[in-house]
Every structure is written in C-alpha cells, then in structure tokens.
Number of protein chains: 2
Amino acid sequence: MERPLLEDIRDRLDEFTSTEKRAAHALMANYPVQGLGTVAQFAEAAGVSSPTILRFVGRLGFPGFSEFQKKLRNELESQLNSPLARSTTLGEQTSGDPHVSQLLENVRETFEHLPKGELDGLIRLLSDEKKTVHLIGGRFTDGLARYTAAHLRIVRSGVNHIAGQQGNWLDQLLGIGPKDVVLVFDIRRYQTEIIQFAEAAGKQGATVALVTDSWMSPVGRIASFVLPARVAVPSPWDSSLSLMAIAEVLIAGVTRQNQQNAQERMRALEALRNEIDPSTEGRLGGPDI
Amino acid sequence: MERPLLEDIRDRLDEFTSTEKRAAHALMANYPVQGLGTVAQFAEAAGVSSPTILRFVGRLGFPGFSEFQKKLRNELESQLNSPLARSTTLGEQTSGDPHVSQLLENVRETFEHLPKGELDGLIRLLSDEKKTVHLIGGRFTDGLARYTAAHLRIVRSGVNHIAGQQGNWLDQLLGIGPKDVVLVFDIRRYQTEIIQFAEAAGKQGATVALVTDSWMSPVGRIASFVLPARVAVPSPWDSSLSLMAIAEVLIAGVTRQNQQNAQERMRALEALRNEIDPSTEGRLGGPDI
DNA sequence: AGCACTTTGTAATGTTTATTACAGGATTGC
DNA sequence: GCAATCCTGTAATAAACATTACAAAGTGCT
C-alpha cells in the first residue's frame, strides 16, 4: 500500500516471463492508466492474451484484477490530491499563463537537481555564528543578496551585505579571511567585479558559496558550495525566481538551525523597535521584527 | 475530447437534478479517480443509487458508463504524460522538501487568484513611457523593488527606485504628481513609512499600485492596482517568492509591450557598456546588457 | 532425441456489472 | 387540492467481464 507499484514492477522485472514483461512495459509506458481499463484492453495494448495479464497481476501479488485496479486507483488518488500534483496536473484549468508554468517548473527542477548535501552543508555553514557572512550580488541579483541579508541579520549576528561602489568593496576585502563566508549570487553576464571579489576572498581563505544559473559562473571554480538554479523563461530575460527560492530555503534552514538564538534576537529586536517607534507596538504579524 | 470534463461539469452544475449534483460533487471531490471504479462504488460514494450515476453520465453526453470512463482515462493519460506532470506526480518519489512544495503551491495559487485585469492593466501602465515609475519596498521587499527597477530601467526610461533614508524620500515626494506611478512592494508588518509615502503620492495624484500579501496592506485602500500574493510557508518567515514571481511577470509583460523600445535601449546600453569597459565585449549571454 | 516443465493462448464458465423497465414518491402548476 | 410531470430507487435483465480449465507450443535438461 505504501510502496509505489511502479517501483515494485521495475525492480522485479526479471521475475516475469517474456510475455508478462510485455504487459509490464505496456503498463509502465502508460502508467497507471493502462491498468484502469478492462483486462482485454490491457491485453491488446500489450499484445498478449488476457490470461497473461491475469498472471502478471497475480505475480505482483494481487488475488485478482479488481484488487490490482483498486491499488492503482488508491495510488492515483493520493498522488493527485497532494497540493503539488493538484497544481500541475488536472484540477484547475491547467492554470493559465505559460510564463507562470515555466516559473514553477524552473523552481521544481532546480530543487530536483540540487545536491541535497550542498544545501544542507551551506545551511550549516551559514548557521555558524563564529563565522561572518558576507553577501554580494550582481546587477540583478543584488536585490536577492539584500533580501537574504535582511533575513539572516535577524536570526544571527555577523551578517554583512556588500553594496555600493566597487571602491568600497576593497576596504571590506581587507578584513576577510578563514573566519568568513562569502555568499555570492550571480547569473550570466557574470560581472567581472563580482568574480574578482569572490576570487580574492577565496584566496584569503574565506569559504565561498555560490548561487548561480545552470551555466555556472566562473566563481564556481573556487566555490566550496555551488547551488545552480534554472533561469530560462519565455522572455528575453532570465528568471531569478529559482535563485530566490534557494535563498528562502537557506533562510528557513538557518532559522531552524539557530532556533533559540533566532528567537532571542527577534525578541530583543522587537523590544528595541518598540522603544524607538512605539506606534508599531502590538501589531499583529509574524516574526518580521 | 478537448475540453476538460471537470470544467464542463462545473459549468453545467445547474442542469443536474439534486441527486445528480451529489454525484457530480463526489466526482469533483475525487476527480477523476471516483469515476474509474464501478458504477456501484461511485453510487455508494455519492450516496445515491446506481441509476442516478448512469443518468448523470448520460446527461453529460455519454451514451454509456464505459464511454465516460474512456474519456476520463484519456484525459488522465494526456495529462500524466505532459513532462511537467510526469515529474511531479507518479514515477519518482514525489520528490522533495515540503517547504519547496509549499513555495510552488504559493506561486501557483497566487496567479490563480490574481485578477487578470489587474495584471494586464498594471503592465500597460508600467509600459507607458510618458509616466515616471517609482518603486519602493519595505525592509524585506526593498530587494524586490530593486530587482524590478533594475530590469525596468533597461526596457524603459523614467524608472526610479526610492531607497535610503526616509529623509531622502521626502525630496522625491515633492516631484510626484499625476504623471507618476508608484509601485509599492509591501508585506505585513507594513512599515508606516511606506504607507505614508504611498498615501502622500496618491494624494498628489500619482497612480499607486501595490504588490502585497493576502492580508492587504493599508496601502490597498488608496491603490488603483492591488496584486495580492500567497506568502505562507512552514517557517517563522513569510515567503516573498510569489511577490517576486509577480514582479517577473510584470517585467516580462512590460518588455513584451515595449519590445521595439526595449531592444533599442538594450543595444544602446550595450554599446555604452562596451565603450566604458571593453573587457566584457562579445560575451555570450542574454539581453542582460 | 525424448521427457519434464514452463509458458502461452483458446475457449468455456460463472460472476460481476452496466443497463433498463417500472413504480412509488416528490414537486410543480393550475 | 388535484393532476401532471419529474425524480429517484428497486429489482430484473442482459451484456460484458474476469477468471479458470485445458491443450498446444516452446524450452531446457539429461
């Protein structure tokens, strides 16, 4: 009931006889719809006879064809009712704008192909309050660096957004060393300044992490953590939405990791804020201090 | 064959008798799985008798129950075989982080409930080069305002991001009038400064547009365009991802609207850029000047 | 090569299932 | 308040169906 039938069939392909395999392939090719019709339809699609279908489902462990169908329907039901599936398959009018669909697909694919270890490792790194975190972004991604910094600043100390003129960066580079983490947001048309900054920081011993597009910024060569995101959309622009999704997952991860610290900081900031501007006191709302 | 059956049922709900409606609801609640079993199962789930189910499918235009099922299976098949659906539903293990699922769901829901007119109207407004566009955001959403401004600046003239100290804002407020558009990004813990700015701009005759969370910022009262986004995630934070998705759709829309202008500007900027920093010339890449 | 065993399809069978005829009950209109 | 019409379920029916028994074809082993 729990294990997806499709996997089971894949794993046990060898146990089937040759005609049963044809049945299995027909089912997998059009899973699970092929199994929801009649035995005869299934048999014809697979190019075998009805009894072979029956033997096939029998070998899968079902006492009869109807039990097999019940299993398929139950699987379908639970999977179609998950919020994610509901969004992408039937349900609503395959919601609208192709641009939006593409955005969703990008985010999904991004996380599908994101090495889980990279994400967790980076979260752990960013959660380490003994390190100072510097964030930097390019022309378009600077906004993301700011956004991430604004959140991180609340859950931990030692967060620095590198902004403004290139001249200013150099000052900040001086202090960077092995106790620092540089989180770079960069998409193509990789700006030379960003690359230079990251490389210099890396040479001085800082850990470099990179959130980038799939083409891989040159920064990737020296980065310890590389998180690539899908950016293609039907527009002359690239989409940075997936980058932001990564940023939000990072923020959520660090918040979870530093839960108690974060809460204390939030409370302290809240108090501070009320002291300075009592007009906002008592407002409803999240932890958005 | 083309029109989704689910929509058809929704639209024609009034044509059904009361018990047929129960059948319709049972089917919609578990679409399309409920229709893939036997008539008796369907009838029991709907709390009606078998003939009612038959009359229901008859009224939908099917000569018999099996034709009805065939239609359901065909729909399922084509929808499950779309690349997007294939990846998200069955097959793989419904990959992933619940946080990511929630993000996707937020974006999808945001656009589902976004009044299409608001979006198009705002795009048209932002495409009007006779207007000056001012962007402003709160603590967390300022990054989005910047991001949007960075893109808009390339496809049109007269784009201004309002940043920095509150004192500076006042100067800029002075010049704002009926020829200006103020695009505000704001989520809860709505900052009083932002509200004040927007209200003042509105009083001086500027058109105010607002991208906000579902709770509706107080700015909404005076805004001509309000685009609400879903922000809830399993984290103490709200997610601004849907806001960014809206921003990207706006950017893409304005770019499409001002295509020729945008291309000219891009070329001009490219030339300018090469003049100043020839090292980046000839790089591969998008229109990211 | 011949025997045993497995695999596969044909055809018959008994069950399930969709379908239909009909009657009781509700609802509407006059 | 009565009649006509429309709903709805019960029960009978006929068709479709899964299932099984069996025989033929194929495969491997000695």
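Numbered from 1 within each chain, the chains take letters A, B, ... in sequence-line order.
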- Query: Between Leu250(A) and Ile123(A), what is the shortest heavy-atom contact and its length?
  - Reply: CD2-CG1, 3.8 Å
- Message: Checking Tyr147(B) now: which residues fulfil ring-ring contact (aromatic ring centres under 6.0 Å, His included) with it, not counting sequence neighbours?
- Response: His151(B)
- Any ion pair linking Glu15(A) and Arg12(A) (charged N to carboxylate O, less than 4.0 Å)? yes
List, with names and distances, any nitrogen or oxygen atoms from the protein found under 3.5 Å away from nitrogen or oxygen atoms belonging to nucleotides 23-28 of chain D.
none

- With a 4.0 Å heavy-atom cut-off, tell me which residues in residues 50-64 of chain B come close to DNA chain C, sorted by residue number. Pro51(B), Leu54(B), Gly64(B)
- Query: Hey, are Arg108(B) and Glu105(B) close enough for a salt bridge, meaning a charged N less than 4.0 Å from a carboxylate O?
  - Reply: yes
- Provide the closest heavy-atom pair for Val48(A) versus Thr19(A) in the form atom of the first, atom of the second, distance. CG1-O, 3.8 Å
- Note on the structure: Nearest heavy-atom contact between Pro228(B) and Ile246(B) is O-CD1, 4.3 Å
- Task: Would you confirm whether Thr212(B), through its side chain, and Asp186(B), through its main-chain N or O, come within 3.5 Å as a donor-acceptor pair?
- Result: yes
- Query: Under a 4.0 Å heavy-atom cut-off, which of residues 33-43 of chain A touch DNA chain D?
  - Reply: Thr38(A), Val39(A), Ala40(A)
- Per ring pair (Phe, Tyr, Trp, His ring centres under 6.0 Å), Phe56(A) is matched among Phe65(A), Phe62(A), Phe16(A) by Phe16(A)
- Task: Can you establish whether the number of heavy atoms outside Gln41(B) located under 6.0 Å from its atom CD is more than 12?
- Result: yes
- Item | Shortest non-hydrogen contact between Leu27(A) and Gly35(A), atoms and distance | CD1-N, 3.7 Å
- Between which nucleotides of DNA chain C, 5' to 3', does chain A make heavy-atom contacts below 4.0 Å? dT7(C) to dT10(C)
- Using heavy atoms and a sub-4.0 Å distance, could you list which residues of residues 17-24 of chain B are near DNA chain C? By number, please. none
- Of all heavy-atom pairs between His99(A) and Ala252(B), which one has the smallest distance, and what is that distance? CE1-CB, 3.4 Å
- Electrostatic pair Glu75(B)-Lys71(B), nearest N-O below 4.0 angstrom: yes
